[in-house]
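Quick notes on the structure that follows.
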Amino acid sequence: MKIASFNINGIKARINALTDWLAGADADVVVLQEIKSVDETFPRAHFEDLGWNIETHGQKGFNGVAILSKLPLEDVIRGLPGDDGDEQSRYIEATVTGAQAVRIAGLYLPNGNPVPGPKYDYKLAWTERLRLRAQELLAAEMPVVMLGDFNIIPEARDAASPEKWREDALFLPQSRAALRRIVWQGWTDAIRARDPWSTRGPFTFWDFQGGAWNKDDGIRIDHMLLSPQAADLLEETGVDREARAGEKPSDHVPVWVRLSA
DNA sequence: ATGGTTGCAGAGCAA
């Protein structure tokens, strides 16, 4: 089972880029972030015609997540549990069953800038809620893949120019500690685990501004965390870097894991 | 150096 995550930064603007990538990726499950669309205007028929089952959790203008799957999507949860008053659409869960059942949690963690301020407070609170949900998912003792745009740079080696991010919500010590608090529950950072000694990247995001892509001034903020039962099944991971050089690209590229499931 | 670019939506915000 190949499971991917792609922050597409607008489904309407990226329908061709996403369709082209899907055609070559051979993925079974794809979580999307920043669809920037309500459920009613998501181009559902376009992807259904290509053989995808679709579950969306949209929002007008901003945010919005979705799951595409070749296999049926079961037991769908929309929204991160723990705050019924949270209006932002950043989280969706579903179960996909191949050779065995895998729980998929697709997420778009808040950016948090500017710091300090209410947006950073929301980021930290949201990450703490994610930690509580992650603990519940681990307790199920099943293969779980929690993946998406975490908007956190784990370490200095995950940025081409870490000094530029020192004061940024994506790299502040509190942000990185909040992510570690989740990872240390027992999750495997799949990209890092398959390339543990890398001193640079791999990067998953290059800003539209300042020619970041041409300078390879990237960061690693799209992550895939595997429960122990999923890590046992890990076969391969990848970062589809070439997508950033395509026609009308997103500022993120797809990341993926292949499990023997 | 307080810029720079993009998407959604149709002005200004979010990233």
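The structure presented is a predicted model; accordingly, all values stated were derived computationally and were not measured. Lettering of chains follows the sequences in order, A, B, ..., and the numbering in each one begins at 1.
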Checklist entry - Looking at side-chain heavy atoms only, is the closest gap between A:I77 and A:R133 below 4.5 Å? => result yes
Checklist entry - Mapping A:K60 and A:N113 onto DNA chain B by nearest heavy atom, which one lands closer to the 5' end? => result A:K60
Item to check | Of A:F208 and A:S37, the one whose closest DNA chain B nucleotide lies more 5' | outcome: A:F208
Checklist entry - Looking only at heavy atoms, what is the nearest atom pair of A:V144 and A:A230, with distance? => result O-CB, 3.5 Å
Checklist outcome for this item: When every non-hydrogen atom of A:V239 is compared with those of A:T204, the smallest separation belongs to CG1-CG2, 4.2 Å
Next on the checklist: Could you check whether A:K248 pairs with A:D20 (Lys NZ or Arg NE/NH1/NH2 to Asp/Glu carboxylate O, under 4.0 Å)?
Outcome noted: no
Checklist entry - With rounding to whole Å, what would you report as the distance between B:dG3 and B:dC13 at their P atoms? => result 15 Å
Next on the checklist: Just to be sure I understand the rule, does A:F205 reach a base, reach only the sugar-phosphate, or reach nothing, if contact means heavy atoms closer than 4.0 Å?
Outcome noted: nothing
Checklist entry - A:R200 and salt bridge (charged side-chain N to carboxylate O under 4.0 Å, His left out): which partner among A:D216, A:D217, A:D158? => result A:D216
Next on the checklist: Please give the distance between the P atoms of B:dA15 and B:dA9 as a whole number of Å.
Outcome noted: 15 Å
Item to check | A:F47 and A:F42 aromatic ring geometry - parallel, tilted or perpendicular at 30°/60° bounds | outcome: tilted
Checklist entry - Taking 5' to 3' order, which nucleotide of DNA chain B is first and which is last to have an atom within less than 4.0 Å of a heavy atom in chain A? => result B:dG4 to B:dA15
Checklist entry - If the C1' atom of B:dA14 is compared with that of B:dG4, how far apart are they to the nearest Å? => result 15 Å
Checklist entry - Hey, can you pull the residues of residues 10-21 of chain A with a non-hydrogen atom under 4.0 angstrom from DNA chain B? => result A:G10, A:I11, A:K12, A:A13, A:R14
Item to check | Nearest atoms (heavy-atom pairs only) where A:S198 meets A:G201 | outcome: OG-O, 3.1 Å
Item to check | Those residues that, when tested against A:F203, pass ring-ring contact (aromatic ring centres under 6.0 Å, His included) (two or more places apart) | outcome: none
Item to check | B:dG7 to B:dA1 separation - P atoms, rounded to the nearest Å | outcome: 31 Å
